[in-house]
Amino acid sequence: MNRVKRTLAPYLLVLPGGLWLLLFFVVPMVTMLSLSLQQGDIINGYRFTGHWQNYVDAITDYRVQMIRSLVYGLVTTVALIVMSFPIAYWIAFHGGKRKSTYLFLLLLPFFVSFVLRTISWRQILTDDGMLLHPLKEAGLVSSGFHILGTSYAVIFGLIYNFLPFMVLPIYVALERIDPRVVEAARDLYAAPMTAFRRVVFPLALPGVFAGVLMTFVPASSDYVNSAVLGSSETTMIGQVVQAQALANSNYPMASALSFFLMAVLLSGILLYARALGTEDVMNAAAR
């Protein structure tokens, strides 16, 4: 009897989480997959017909928005790595007893709603806002210069809103590094950049890997920043999905777009993991 209990114990422990995923992830995903292959309208209802043309139409009609979303997500992710690593490095190695305070200050703006923060940046980036107006008055930029409604504004909003999702994983990875390892590299006459490149960065790869996963996927599928800070020329695929589902009630097209985006993002992540070397990352995390 005790042996049976020991055998069943691991499965009983994962049962609540497994049921949660089944009910709130697997079932909705299967339902949406079925919906993406249906035909009909909101009045007469939808029926499953195996209509793969929904995917063909999604790729044909909205490939520009799809590519734009992936480019925005990629640019945002690369910019976040460049910006977040110095921040996380400084807090981890030079924050001292105030590490928790610095992390709290980093997260403090994010106690405010995502939408409200984005709208606030809209007010800042307007032509008469607190950023451009003084520059125009001083003659540092031309009167016709504007940021709002451009790709720069959308990418800036994405970088701002997803910054902690990159900083925190990198910080956790750096925090686990024993300072004596870095000191040993310097004792062996390694230059600071060499020590960083050969010791610090490889040990921080698990954090970078997690940060990319946590920023590239939501940034590529985001629609709030492009809707609030962008224009019709910066429309992202998330806006298209929202419009098809809520404005046009074209649920099959919205589902097809969502599944196609998910497939593209998943393929990109798998390629990224393969290029980075998942085993090397896991080995680094285990040290």
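What you see is a predicted model, and the numbers here were worked out from it, not measured in a lab.
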(request) With sequence neighbours left out, write down each residue that passes side chain to side chain donor-acceptor pair (under 3.5 Å) with Arg117, or none if nothing qualifies. (result) Asn161
(request) Without swapping roles, check the side chain of Asn250 against the backbone of Gln244 for a donor-acceptor pair under 3.5 Å. (result) no
(request) Indicate whether any N or O donor in one side chain lies under 3.5 Å from an N or O acceptor in the other, for Tyr72 and Ser220. (result) no
Donor-acceptor pairs are to be reported for all side-chain atoms of residues 232-241 against protein atoms at under 3.5 Å, with residues two or more places apart or in another chain.
unit_1: Thr234; atom_1: OG1; unit_2: Ser231; atom_2: N; d: 2.7
unit_1: Thr234; atom_1: OG1; unit_2: Ser231; atom_2: O; d: 3.0
unit_1: Thr235; atom_1: OG1; unit_2: Ser232; atom_2: O; d: 3.1
unit_1: Gln239; atom_1: OE1; unit_2: Ser226; atom_2: OG; d: 2.6
unit_1: Gln239; atom_1: OE1; unit_2: Met236; atom_2: N; d: 3.1

(message) Test: salt bridge (Lys or Arg N to Asp or Glu O under 4.0 Å). Region: residues 56-71. Which pairs qualify, not counting sequence neighbours?
(response) none
(message) Taking ring pair (Phe, Tyr, Trp, His ring centres under 6.0 Å) as the definition, give me every residue that meets it alongside Phe110, ordered by chain and number, with sequence neighbours left out.
(response) Tyr160
N/O donor to acceptor pairs below 3.5 angstrom from side-chain atoms of residues 86-108, sequence neighbours left out:
unit_1: Lys99; atom_1: NZ; unit_2: Ala92; atom_2: O; d: 3.0
unit_1: Lys99; atom_1: NZ; unit_2: Glu175; atom_2: OE1; d: 3.0
unit_1: Lys99; atom_1: NZ; unit_2: Glu175; atom_2: OE2; d: 3.4

(request) List for me each residue that meets side chain to side chain donor-acceptor pair (under 3.5 Å) alongside Gln38, sequence neighbours excluded, and say none if there are none. (result) Ser34
(request) Can you measure from CD1 (Ile81) to OG1 (Thr76) and round to the nearest 0.5 angstrom? (result) 11.5 Å
(message) Strictly by side-chain hydrogen bond (donor to acceptor under 3.5 Å, both in side chains), give each pair with a member in residues 124-138 just once, sequence neighbours left out.
(response) none
(message) Any non-hydrogen side-chain atom of Val217 less than 4.5 Å from a side-chain atom of Leu213?
(response) no
(request) For Phe201, check ring pair (Phe, Tyr, Trp, His ring centres under 6.0 Å) against everything at least two apart and list the hits. (result) Phe85
(request) State whether the side chain of Arg122 and the backbone N or O of Val228 hold a donor-acceptor pair below 3.5 Å, judged by distance alone. (result) yes
(request) Using ring pair (Phe, Tyr, Trp, His ring centres under 6.0 Å) as the criterion, list what pairs up with Tyr223, not counting sequence neighbours. (result) none
(message) Run the side chain to side chain donor-acceptor pair (under 3.5 Å) test against Arg47 and tell me which residues pass, sequence neighbours left out.
(response) none
(request) List in chain and number order the residues that pass ring pair (Phe, Tyr, Trp, His ring centres under 6.0 Å) with Tyr62, two or more places apart in sequence or in another chain; answer none if no residue qualifies. (result) none
(request) Please name all residues satisfying side chain to side chain donor-acceptor pair (under 3.5 Å) with Ser221, sequence neighbours left out, ordered by chain then number. (result) none
